[in-house]
J.: 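Attaching a single structure in structure tokens format; questions to follow.
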Amino acid sequence: MNRTERGRREFSEVMTFPPPSDTTPATANLIDFVFAEIWPRPALSRRDRRFITLPCVAAADAEGPLRDHVYAALNSGDLSIVEMRETVLHFAVYGGWPKASRFNMVVDEQWDRIHRERGVPPPRPDPLLPLATPSDPEERLVCGEESFKEINCLPYAPIRDNPYSGAGILNFVFGEMWLRPGLGMKERRLVTVACVAFQDAPLPILSHVYAALKSHDVSFDEMDELALHFAAYYGWPKASHLNQVIAEQKQRVLDEGQGWEA
């Protein structure tokens, strides 16, 4: 089987619909490289790769790819609808609420489409309440401070006395969102690193790559693979910067020791 044949087969398996038939250079290399060479690589599972692809296509404002990848992730069973909706919420924090609004609409549309194709009604959504995190304001801030330190692998938390760090970071982002049970920690790391990689914000990309590696939630090999997959879906220039940050933070983690080996 040649590379194009492998790519077309992989496309069908990943996307759950037939590959495009045109022979333009963009489509030919989508098949021959992205699907024949990148998606089958073993360092990340197909499910893992969904959590990198989805934030990339949601941030790119690319209607067709967003629709297709939401459909494929749900139709394949790689993501449950709960995991998909949690991915949208996590993306909203790290990629922006306006883009997440469109992402959320596409999820609703494609979930309905999948059930129409199967001839069954969509199931009722899981109830939102009760939340798994504290409702008392002081308890939520304490919870947010502790989870901020644990998730970011840092000995300190932000101060409480301004709306951004207190109401936003401690109360919601780390006092609730990161702790919600609908998505695992590794999956949240993958979504976050993809988001900070396209944001051009120097501190978040450094801190989240470091924390993902330091926590052992993402291995060195998986993080290297994340950079390659990100390059395919958001571009090589930003992936080049991500790759540089990964190399620096891998060395930092190795220098700190605690169980990591090169």
Side-chain angles (χ1 to χ4, degrees), residues 25-26 29-30 32-35 37-62 65-66 69 87-88 90-100 102-103 148 151-154 158 164-165 168-169 173-174 177-178 185-256 260 262:
N29 285 279
L30 175 72
D32 289 357
F33 178 61
V34 176
F35 283 94
E37 301 293 339
I38 293 182
W39 277 89
R41 288 173 60 87
L44 287 171
S45 70
R46 188 177 76 181
R47 171 181 157 84
D48 290 337
R49 293 178 186 278
R50 303 284 194 194
F51 291 103
I52 305 164
T53 308
L54 287 165
C56 287
V57 294
D61 298 320
L66 176 58
H69 281 285
T87 298
V88 173
H90 202 98
F91 173 85
V93 168
Y94 288 101
W97 294 87
K99 289 179 184 289
R102 182 61 190 143
F103 190 180
F148 179 94
I151 290 166
N152 289 284
C153 303
L154 294 171
Y164 172 79
S165 61
I169 296 297
V173 177
F174 290 94
M177 189 201 69
W178 274 91
M185 188 58 67
K186 179 182 182 180
E187 291 77 16
R188 292 188 184 278
R189 300 284 195 192
L190 296 175
V191 173
T192 304
V193 171
C195 288
V196 295
F198 58 64
Q199 292 288 6
D200 297 320
L203 184 57
I205 188 172
L206 183 155
S207 63
H208 282 291
V209 168
Y210 169 78
L213 294 172
K214 181 72 171 180
S215 65
H216 294 228
D217 289 330
V218 181
S219 73
F220 282 17
D221 287 346
E222 288 172 330
M223 189 64 81
D224 287 338
E225 197 69 25
L226 189 161
L228 173 61
H229 198 94
F230 177 86
Y233 282 93
Y234 212 83
W236 297 91
K238 288 182 183 289
S240 177
H241 179 231
L242 173 60
N243 201 51
Q244 179 182 346
V245 172
I246 290 169
E248 294 166 353
Q249 297 312 305
K250 283 164 64 176
Q251 188 59 53
R252 176 185 174 189
V253 171
L254 287 172
D255 291 344
E256 293 173 350
W260 273 114

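Keep in mind that this is a model prediction, so the values were computed, not measured.
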J.: Which pair of heavy atoms, one from P55 and one from F91, lies closest together, and at what distance?
T.: O-CE1, 3.5 Å
J.: Which distance, rounded to the nearest 0.5 Å, do you find between the CG of L66 and the OG1 of T53?
T.: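 Going from the CG atom of L66 to the OG1 atom of T53 covers 11.5 Å.
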J.: Verify side-chain contact (heavy atoms from CB on, under 4.5 Å) between H229 and W39, making sure each step is shown before the conclusion.
T.: CA-CA 8 Å; H229 198 94; W39 277 89; 3.6 Å; yes
J.: Could you check whether the rings of F230 and F198 sit parallel, tilted or perpendicular, using 30° and 60° as the cut-offs?
T.: parallel
J.: Is the shortest side-chain N to carboxylate O distance from E256 to R252 below 4.0 Å?
T.: yes
J.: Could you give the distance from CG (L242) to CG (D224), rounded to the nearest 0.5 Å?
T.: 9.5 Å
J.: Can you check whether A58's main-chain N or O pairs, donor with acceptor, with K99's side chain at less than 3.5 Å?
T.: no
J.: Under 4.0 Å between a Lys/Arg side-chain N and an Asp/Glu carboxylate O for E187 and R50?
T.: no
J.: Show your working on side-chain contact (heavy atoms from CB on, under 4.5 Å) between C56 and H69 and close with a plain yes or no.
T.: CA-CA 10 Å; C56 287; H69 281 285; over 6 Å; no
J.: Test side-chain contact (heavy atoms from CB on, under 4.5 Å) on E248 and V209; report intermediate values, then the result.
T.: CA-CA 10 Å; E248 294 166 353; V209 168; over 6 Å; no
J.: What residues form a ring-ring contact (aromatic ring centres under 6.0 Å, His included) with H208, not counting sequence neighbours?
T.: Y94
J.: Are L44 and I52 close enough that some pair of their side-chain heavy atoms sits under 4.5 Å apart?
T.: yes
J.: Answer yes or no: is there a side-chain heavy-atom contact under 4.5 Å between F103 and V57?
T.: no
J.: First locate atom OG of S207, then atom NZ of K214, and finally report the distance between them rounded to the nearest 0.5 Å.
T.: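 Going from OG on S207 over to NZ on K214, the span is 14.5 Å.
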J.: Can you sort out the partners of R46 under salt bridge (Lys or Arg N to Asp or Glu O under 4.0 Å), two or more places apart, ordered by chain and number?
T.: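 Here the qualifying residues are D78.
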J.: Excluding sequence neighbours, so at least two apart, what forms salt bridge (Lys or Arg N to Asp or Glu O under 4.0 Å) with K186?
T.: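 For K186, the residues satisfying salt bridge (Lys or Arg N to Asp or Glu O under 4.0 Å) (neighbours in sequence not counted) are D48, E222.
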J.: Roughly how far, to the nearest 0.5 Å, is the CD atom of E225 from the CZ atom of R41?
T.: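 Those atoms lie 4.0 Å apart.
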J.: Looking only at non-hydrogen atoms, find the nearest pair between L190 and L226 and report the distance.
T.: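 For L190 and L226, the tightest heavy-atom pair comes out as CD2-CD1, 3.6 Å.
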J.: Which atom names give the shortest non-hydrogen contact between A227 and A239, and what distance separates them?
T.: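 Minimum heavy-atom contact is O-CB, 3.7 Å.
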J.: Do V245 and M223 make a side-chain contact, defined as non-hydrogen atoms from C-beta onward lying under 4.5 Å apart?
T.: no
J.: So, for S165 and P158, which heavy atoms are closest and what is the spacing to 0.1 Å?
T.: CB-CB, 3.8 Å
J.: What is the distance from atom CD of Q199 to atom CD1 of I205, rounded to the nearest 0.5 Å?
T.: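 Interatomic distance, Q199 CD to I205 CD1, rounded to 0.5 Å: 10.0 Å.
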J.: Do R188 and F51 come within less than 4.5 Å of each other through their side chains, counting heavy atoms only?
T.: no
J.: So how far is it from C195 SG to L54 CG, rounded to the nearest 0.5 Å?
T.: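 C195 atom SG to L54 atom CG measures 10.5 Å (nearest 0.5 Å).
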